[in-house]
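Notes to accompany the following structure.
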Amino acid sequence: MGNVHSYQVGSVSDNDTPTPNFNYDLKVSKTTSHSIVDGKETTESGGVTSVNTASPDAGVMIGGISIAPHEAEAFQRELDNEPQAEESTDEDHTTAHAFDDNVSTVLNDLDGGDLANLINEATVGDGLNDEVLAKSVSSLGVSDRESAVEVGSNLVNALRDPFDKIAREEGMDGETAFEALRAWNKTKTRDAISDWIVTDGVDTSRLRESIREAWNAYGRFDNKELVDSLKADGFEVQPTSGGGIAVRGGDVFDEWTVWRQAREAFRKPAR
């Protein structure tokens, strides 16, 4: 099948006759490259077709778009440069990370399935035993099980510090935050932690929102651990009609304050 090219008419003469003349001034600039790689031949061609006429309104068709003749070359240059700009943006994104360089290197070397299994077992499963830790780093090619368990443990421990920092900014220590997340919604917790880890710690928005929701749900009067902890810190605690808690005292709250409002006092500015 041949190629079909469309051009605007520059001018028309003898238009009072049944067969008027359509006038074009056509110039084609074309380049062709030919290469043979592993026995496979590839031919590529490209170029710019420009139409110059006496009419300033006669357009040049580039990619199905009619462009004024004097703007055609600049437009084509923009098209040619677009892929390079996008590639540069992608490269900048992939190099951004918030984790320690060693942690980022290990995470990037892990198979996606291994990493997903590690997150799933930590948040939804029965916890991180030696078998889970060994399987989570199997794609790294660690020679023996003992070494694999050590690598997996080191990775998890390295992630605890940045997680703890986020948790403390949201008002609790990392261990309490993680237990609150698991008690709140294991599936949403898994997704939030996955977002955080696969972006090398850059995207914390979903994790922070999940911690806040989990922290609100954690404030219930039947949560003996929390109630005892608050009392040990000098707060008075009483139940609300819905089973939640209200706190007073501790040099923080002069009046009884429900947990959803009280917990905001424990949050620290993100750094």
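Values in this document were obtained by computation on a predicted structure and should not be read as measured data.
- Shown here for A177 and A167, the closest heavy-atom pair between the two residues is CB-CB, 3.6 Å.
- Inter-residue side-chain proximity for L107 and L155 is flagged as met; some heavy-atom pair is nearer than 4.5 Å.
- Scored by the side-chain hydrogen bond (donor to acceptor under 3.5 Å, both in side chains) test, D228 finds K224 as partners (sequence neighbours excluded).
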List the atom pairs, donor and acceptor, that lie under 3.5 Å between side-chain atoms in residues 114-122 and the rest of the protein, sequence neighbours left out.
from	atom 1	to	atom 2	distance (Å)
D114	OD2	S138	OG	3.2
D114	OD2	S139	N	3.1
D114	OD2	S139	OG	2.9

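- In this structure, E225 CD and E179 CD are separated by 8.0 Å, a value rounded to the nearest 0.5 Å.
- Residues L181 and S210 meet the side-chain proximity criterion, which asks for heavy atoms closer than 4.5 Å.
- Annotation for E146: atom CD does not count as buried by contact number, only 12 or fewer foreign heavy atoms lying within 6.0 Å.
- In plain terms, the two heavy atoms of P162 and A158 that are nearest each other are CD-O, 3.1 Å.
- Counting heavy atoms from C-beta on, the side chains of T240 and F221 never come closer than 4.5 Å.
- Atom-to-atom distance recorded for L207:CG and S194:OG is 11.0 Å, nearest 0.5 angstrom.
- Evaluation of the salt bridge (charged side-chain N to carboxylate O under 4.0 Å, His left out) test over residues 213-222, restricted to residues two or more places apart or in two chains, returns R220-D222.
- Looking only at side-chain heavy atoms (C-beta outward), R212 and R208 come within less than 4.5 Å of each other.
- Listed by chain and residue number, W196 satisfy the ring-ring contact (aromatic ring centres under 6.0 Å, His included) test with F99 (two or more places apart in sequence, or in another chain).
- Remark: E264 engages R267 in a salt bridge (Lys or Arg N to Asp or Glu O under 4.0 Å) (not counting sequence neighbours).
- Contacts of T176 classified as side-chain hydrogen bond (donor to acceptor under 3.5 Å, both in side chains), with partners at least two apart in sequence or in another chain: D173.
- Residue V156 is grouped with residue L110 when hydrophobic side chains (ILVMFWY) are merged at heavy-atom distances under 4.5 angstrom, including chains of intermediate members.
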Identify every side-chain donor-acceptor pair in residues 243-255 under 3.5 Å, counting partners at least two apart or on other chains, and give the distances.
from	atom 1	to	atom 2	distance (Å)
R248	NE	E236	OE2	3.3
R248	NH2	E236	OE1	3.2
R248	NH2	E236	OE2	3.4

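- Around atom CD of E209, more than 12 heavy atoms belonging to other residues, nucleotides or ligands sit under 6.0 Å away.
- Contacts classified as ring-ring contact (aromatic ring centres under 6.0 Å, His included) and involving residues 140-159 (residues at least two apart or in different chains) are not found.
- Residues W184 and N216 have side chains not in contact (no heavy-atom distance under 4.5 Å, counting atoms from C-beta outward).
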### Query
Can you check side-chain contact (heavy atoms from CB on, under 4.5 Å) on I197 and F163, steps first, answer last?
CA-CA 10 Å; I197 289 180; F163 180 86; over 6 Å; no
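- With values rounded to the nearest 0.5 angstrom, K188 atom NZ is found 14.5 Å from T123 atom OG1.
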Problem set entry | Verdict with supporting geometry, T105 and N108, side-chain hydrogen bond (donor to acceptor under 3.5 Å, both in side chains) | CA-CA 5 Å; T105 299; N108 292 335; 6.0 Å; no
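- Under the 4.5 Å side-chain heavy-atom criterion for ILVMFWY residues, no single connected hydrophobic cluster contains both L226 and W256.
- Partners of D203 by side-chain hydrogen bond (donor to acceptor under 3.5 Å, both in side chains), not counting sequence neighbours, listed by chain and number: S205.
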Practice item. Determine, stepwise, if the pair I211 / E170 fulfils side-chain contact (heavy atoms from CB on, under 4.5 Å). Key: CA-CA 7 Å; I211 289 177; E170 295 301 326; 3.7 Å; yes
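- Each side chain to side chain donor-acceptor pair (under 3.5 Å) pair with one or both residues in residues 152-161, not counting sequence neighbours, appears once here: N157-R160.
- Remark: the backbone N or O of W215 is paired with a side-chain donor or acceptor of W259 at under 3.5 angstrom.
- Of all the heavy atoms in K231 and V237, the pair that sits closest is CG-CG2, 4.1 Å.
- Proximity of a side-chain donor or acceptor of D200 to a complementary backbone N or O of V202 within less than 3.5 Å is not detected.
- A distance-only check finds no donor-acceptor pair linking the side chain of S147 to the backbone of V142 [under 3.5 Å].
- Checked against salt bridge (Lys or Arg N to Asp or Glu O under 4.0 Å), D191 has the following partners two or more places apart in sequence or in another chain: R206.
- Annotation: side-chain hydrogen bond (donor to acceptor under 3.5 Å, both in side chains) contacts of R145 (sequence neighbours excluded): none.
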